[in-house]
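These notes are about the structure you will find just below.
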Amino acid sequence: AAVMAAEQSEALGLATPCEMDEIGEMSLRSNDFLSGGCMAIGVKRIEFKLEVGRLETENGIQIVLADEISPDNCRLWDHDTHEKMDKDRFRRDLGGLVDAYSEIARRLGLSLS
């Protein structure tokens, strides 16, 4: 699927092959970072999405991550119980969305006050 996405992006003029290589490398680095970070707080990162964009700088065009990483765009499960701690709580009418997001924040050592 990644090859098809690269071909489609090039055909539509959305990204050059060089930019697609950069996006691929950025995705792998993000995956490594997120996997380690989630493991450290007892969370399984099932999947995530990245949005990227182009930023015009003095040195030319730069590919940048253009989206936040949050329970809204990741699937996060408790490592031991497999309890969903992401937007699926809302999608599947499981309730407890705020509690789940607050628990992720607490595990990350973030204050919500």
Side-chain angles (χ1 to χ4, degrees):
V3 172
M4 181 62 77
E7 291 170 354
Q8 289 173 337
S9 294
E10 185 178 359
L12 294 171
L14 300 175
T16 67
C18 184
E19 288 172 331
M20 287 304 297
D21 288 344
E22 191 174 341
I23 291 167
E25 290 172 21
M26 183 183 294
S27 298
L28 291 173
R29 286 192 314 270
S30 298
N31 182 59
D32 288 346
F33 178 80
L34 289 172
S35 293
C38 285
M39 189 180 309
I41 63 169
V43 171
K44 284 180 147 180
R45 186 206 30 79
I46 304 304
E47 69 176 358
F48 70 104
K49 74 168 184 71
L50 296 176
E51 292 183 17
V52 297
R54 288 189 183 107
L55 180 64
E56 192 170 334
T57 69
E58 294 175 359
N59 299 325
I61 301 295
Q62 180 180 357
I63 299 295
V64 295
L65 182 61
D67 199 3
E68 88 278 359
I69 304 294
S70 75
D72 274 348
N73 57 19
C74 296
R75 292 200 193 277
L76 304 171
W77 297 357
D78 180 84
H79 186 273
D80 297 326
T81 67
H82 297 144
E83 178 184 0
K84 291 172 177 40
M85 304 174 78
D86 56 38
K87 198 172 185 176
D88 270 353
R89 298 208 62 81
F90 173 76
R91 286 187 196 117
R92 296 180 182 190
D93 199 24
L94 299 174
L97 181 70
V98 172
D99 291 337
Y101 282 30
S102 296
E103 177 60 16
I104 292 291
R106 185 194 66 75
R107 291 183 188 196
L108 289 169
L110 303 173
S111 172
L112 299 178
S113 51

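One-based numbering along the sequence shown.
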Evaluate the side chain to side chain contact (heavy atoms under 4.5 Å, CB included) criterion for residues E83 and E103: first the C-alpha distance (whole Å), next the side-chain angles of each, then the deciding distance (0.1 Å), finally the verdict. CA-CA 12 Å; E83 178 184 0; E103 177 60 16; over 6 Å; no
Walk me through it: do C74 and E47 pass the test side chain to side chain contact (heavy atoms under 4.5 Å, CB included)? CA-CA 6 Å; C74 296; E47 69 176 358; over 6 Å; no
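Here K49 contributes atom NZ and D67 contributes atom CG; the two are 4.0 Å apart, rounded to the nearest 0.5 Å. In this structure, N73 CG and F48 CZ are separated by 9.5 Å, a value rounded to the nearest 0.5 Å. A distance of 9.5 Å separates SG of C38 from CD1 of I46, quoted to the nearest 0.5 Å. For the atom pair S102 OG and R106 CZ, the distance stands at 10.5 Å (nearest 0.5 Å). Atom CG of residue D86 and atom OG of residue S70 lie 10.0 Å apart, to the nearest 0.5 angstrom.
When side chains are defined from C-beta on, K44 does not count as touching D78, because their heavy atoms never get closer than 4.5 Å. Here the side chains of R92 and K84 are in contact, with some heavy-atom distance below 4.5 Å. Side-chain atoms of L65 and L50, non-hydrogen and from C-beta on, do get closer than 4.5 Å to each other.
The other residues sharing a hydrophobic cluster with L55 are V64, where clustering joins ILVMFWY side chains under 4.5 Å apart. Cluster note: F90 groups with L97, Y101 through ILVMFWY side-chain heavy atoms spaced under 4.5 Å, whether in direct contact or through intervening members.
In this structure R29 satisfies the side chain to side chain contact (heavy atoms under 4.5 Å, CB included) test together with E25, M26, sequence neighbours excluded.
The hydrophobic clustering, which links ILVMFWY residues whose side-chain heavy atoms are closer than 4.5 Å, places L76 and L110 together. No continuous path of ILVMFWY side-chain contacts below 4.5 Å connects I104 to W77, so the two sit in separate hydrophobic clusters. In this structure, I41 is not a member of the same hydrophobic cluster as L34, with clusters built from ILVMFWY side-chain heavy atoms closer than 4.5 Å.
Closest non-hydrogen pair, E22 versus I63, comes out as OE2-CB, 3.6 Å. Taking both residues in full, the closest heavy atoms of L14 and R54 are given as O-NH2, 2.7 Å, listed atom of the first, atom of the second, then distance. In plain terms, the two heavy atoms of R75 and R91 that are nearest each other are NH1-NH1, 3.2 Å. Nearest heavy-atom pair across G53 and A66 is N-CB, 4.0 Å. Between M85 and V43, the closest heavy-atom pair is SD-CG2, 4.4 Å. The two residues M20 and A15 have their closest heavy-atom pair at SD-CB, 3.7 Å.
Residue E56 places its CD atom among 12 or fewer non-hydrogen atoms of other residues, nucleotides or ligands, all under 6.0 Å distant.
At least one donor-acceptor pair under 3.5 Å links the side chain of E19 to the backbone N or O of T16.
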